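Each remark here refers to the structure printed beneath this line.
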Amino acid sequence: MATRRLSSLLSRSLHFPSASAPLAGRSNGVARHINRFSTAAAVEEVTTPPVQVSFTKLLINGQFVDSASGKTFPTLDPRTEEVIANVAEGDAEDINRAVAAARKAFDEGPWPKMSAYERSKIMFKFADLVEKHNDELAALETWDNGKPYLQAAQAEVPSFVRLFRYYAGWADKIHGLTVPADGPHHVQTLHEPIGVAGQIIPWNFPLLMFAWKVGPALACGNTIVLKTAEQTPLTALYVANLFHEAGLPPGVLNIVSGFGPTAGAALASHMDVDKLAFTGSTETGKTVLELAAKSNLKPVTLELGGKSPFIICEDADIDHAVELAHFALFFNQGQCCCAGSRTYVHERVYDEFIEKAKTRAMRRVVGDPFKKGVEQGPQIDSEQFQKILRYIRSGRDSSATLECGGDRFGSKGYFIQPTVFSNVKEDMLIAQDEIFGPVQCVFKFKDIGEVIKRANNTRYGLAAGVFTKNIDTANTLTRGLRAGTVWVNCYDVFDAGIPFGGYKMSGMGREKGIYSLSNYLQVKAVVTPLKNPAWI
């Protein structure tokens, strides 16, 4: 299958082509059709995923091993609530073992001492191997996470490959500077690997978050201990095996599956971890930052929550705006930190927008994400499922207008109806909190100055969207909005070179692009006297 960049697919993915997904596997029953959510009946019989679970142990020092305690935990299929596999449950002792392996690989192993070109060759070979295993990885990601197979196979795995090729290309282009001094001294800066990097990734984009963190850390010559999300441990273990097939030395990449309060806390507070990177909720990010500070004051990169505004101006093509706003919110079941979860619509086009947004949401195809034509699969787990339903009840209770949806979809799995609220006010919980689900909240505004103030009236600042034909309006909004990314007449356009991160309580630092390399480098100044220099 030809590789397509995530940015190009997502910018065109307002209508996922149902006929282009090569979905292997068999149906376990006679339910062959797809039901839209308005039928209030999910597809009860699901497709058997066309992939086997091969890796369920921890990866420490190049070997797949049981946890020190011998404990395991189940990872569930969110379509059925049934167990996919039992995975080794790492805790503090396993983190200690993994950090020791990473430390030895950094201090004594070949990885940081290899030429940057040799490191890049291993990373390029790894990307080639992942590309060959595209369909298996996509199926495993869909099975463990619930996202549509087409999204995983044609967007996310190809983007994973692109990211590793991007960082492989950077490996031999990282260098310091020569700095002029006022006196007879030669001054140079060295950009050195920071050491052992601890990384904690979330469950909504397991493969992509692996690439965002592991890619730059390895390109800079570091070693890694990565903790997977307990909901989605399977694809990280699969690709780690491919990394060793590509020639990665033992101990350079270690993976511990486990829970936040045990394995995650042990990694964040470990005295021999030199750098920490975390993606997840703002509340957990605060805990991670505190643990890092109270231990060895390790530097921390945080990519946290969001409540991103999507602003539709009065000159908008409403049909296009409806489709783009729909995509900005409902993509990935609404489980996206930068989801356009506050839709601001100019009062002159508000009523038309509401009617068409409601119609589009009711057309959204919900069901088994392995089936062709499905746009929305299940939420990740019971906790998230119940949380979203609580927010929906809160919206109803606070007098927002429920235009459609508002309930679970079917009787099995963690499916929720695409939901649209109108007449939302800023003091409502659904307007303030990150719902992380398929719930679109629509607000009315009068002018640009007003909407900038309202859009910025949030503790978050991860992303924003602007929809207008007027370049002056676009420029005013992009400079006025306090957000790390502003998409103009598009949304969720990602690329390996585009930095990503937030203002305010949406995080610290940037991931992707050249900016991410500084997260994993130390800068050292070297000063040498010059005797009788010809020039200074």
Side-chain angles (χ1 to χ4, degrees), residues 99 102-124 163-199 212-225 248-249 251-253 270-278 289 292-303 484 496-501 503 507-536:
V99 171
R103 174 56 62 194
K104 184 175 181 180
F106 184 79
D107 291 345
E108 304 174 21
W111 186 251
K113 299 178 181 65
M114 280 184 188
S115 72
Y117 176 60
E118 289 299 316
R119 289 201 303 269
S120 75
K121 288 200 298 184
I122 292 173
M123 294 176 71
F124 275 122
L163 283 156
F164 269 98
R165 287 175 176 156
Y166 175 85
Y167 285 115
W170 264 115
D172 60 357
K173 300 169 187 66
I174 297 168
H175 55 78
L177 301 170
T178 301
V179 182
D182 290 341
H185 292 88
H186 174 75
V187 182
Q188 67 183 96
T189 60
L190 302 178
H191 291 182
E192 300 181 344
I194 201 166
V196 176
Q199 301 178 330
W212 285 22
K213 288 180 170 50
V214 172
L218 291 184
C220 293
N222 299 283
T223 59
I224 297 167
V225 177
L248 190 72
V252 174
L253 175 63
H270 204 288
M271 293 296 293
D272 210 18
V273 170
D274 301 304
K275 156 73 186 178
L276 194 65
F278 170 81
L289 188 61
K294 286 184 174 180
S295 52
N296 59 346
L297 206 62
K298 60 181 73 64
V300 180
T301 304
L302 300 173
E303 197 267 280
I498 300 175
F500 187 81
Y503 288 24
M508 302 164 55
R510 294 295 181 268
E511 299 195 281
K512 298 196 293 115
I514 188 174
Y515 296 91
S516 65
L517 299 174
S518 62
N519 298 331
Y520 296 99
L521 294 169
Q522 290 276 25
V523 177
K524 177 185 288 182
V526 180
V527 183
T528 308
L530 296 172
K531 293 185 177 181
N532 302 316
W535 55 271
I536 295 178

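Residues: numbered from 1 along the sequence shown. Computed from a predicted model, the values in this text were never measured in an experiment.
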For this session: For a side-chain contact (heavy atoms from CB on, under 4.5 Å) with His186, tell me which candidate from Val179, Leu530, Val526 qualifies.
Result: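 Testing each of Val179, Leu530, Val526 against His186, the sole residue satisfying side-chain contact (heavy atoms from CB on, under 4.5 Å) is Leu530.
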Spacing of [X] atom [atom1] and [Y] atom [atom2] [to the nearest 0.5 Å]:
X      : Y      : atom1 : atom2 : result
Leu517 : His191 : CG    : NE2   : 10.5 Å
His270 : Leu276 : NE2   : CG    : 12.0 Å
Leu289 : Lys298 : CG    : NZ    : 10.5 Å
Met271 : Leu297 : CE    : CG    : 10.0 Å
Lys213 : Glu303 : NZ    : CD    : 6.5 Å
Leu302 : Glu511 : CG    : CD    : 9.5 Å

For this session: Would you check, one step at a time, whether the test side-chain contact (heavy atoms from CB on, under 4.5 Å) holds for Met508 with Phe278?
Result: CA-CA 10 Å; Met508 302 164 55; Phe278 170 81; over 6 Å; no
Would you name the heavy atoms of [X] and [Y] that are closest together and state the gap between them?
X      : Y      : result
Trp111 : Pro249 : CE3-CD, 3.7 Å
Phe106 : Lys113 : O-NZ, 3.9 Å
Tyr167 : Ala219 : O-CB, 3.4 Å
Trp170 : Ile514 : CH2-CD1, 3.5 Å
Ile224 : Ala217 : CD1-CB, 3.7 Å
Ala105 : Pro112 : O-CD, 3.7 Å

Are any side-chain N or O atoms of [X] and backbone N or O atoms of [Y], one a donor and one an acceptor, separated by less than 3.5 Å?
X      : Y      : value
Lys524 : Leu190 : no
Asn222 : Ile194 : yes
Asp172 : Tyr117 : no
Thr189 : Leu177 : yes

For this session: Answer yes or no: are there more than 12 heavy-atom neighbours, outside Phe124 itself, under 6.0 Å from its atom CZ?
Result: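 Enclosed.
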Problem set entry | Worked check of side-chain contact (heavy atoms from CB on, under 4.5 Å) between Val196 and Asp272 | CA-CA 8 Å; Val196 176; Asp272 210 18; 5.9 Å; no
Exercise. Do the side-chain N and O atoms of Thr301 and Lys275 include a donor-acceptor pair separated by under 3.5 angstrom?
Worked result: yes
Exercise. Quick one: are Val225 and Val273 in side-chain contact, heavy atoms under 4.5 Å?
Worked result: no
Exercise. Is there side-chain contact between Asp274 and Gln522, with heavy atoms separated by less than 4.5 Å?
Worked result: no
For this session: Could you give me the CA-CA distance, side-chain angles and deciding distance for Lys512 and Ile498, then say whether side-chain contact (heavy atoms from CB on, under 4.5 Å) is met?
Result: CA-CA 6 Å; Lys512 298 196 293 115; Ile498 300 175; 3.9 Å; yes
For this session: Mind running side-chain contact (heavy atoms from CB on, under 4.5 Å) on Glu192 and Leu521 for me, showing each step along the way?
Result: CA-CA 5 Å; Glu192 300 181 344; Leu521 294 169; over 6 Å; no
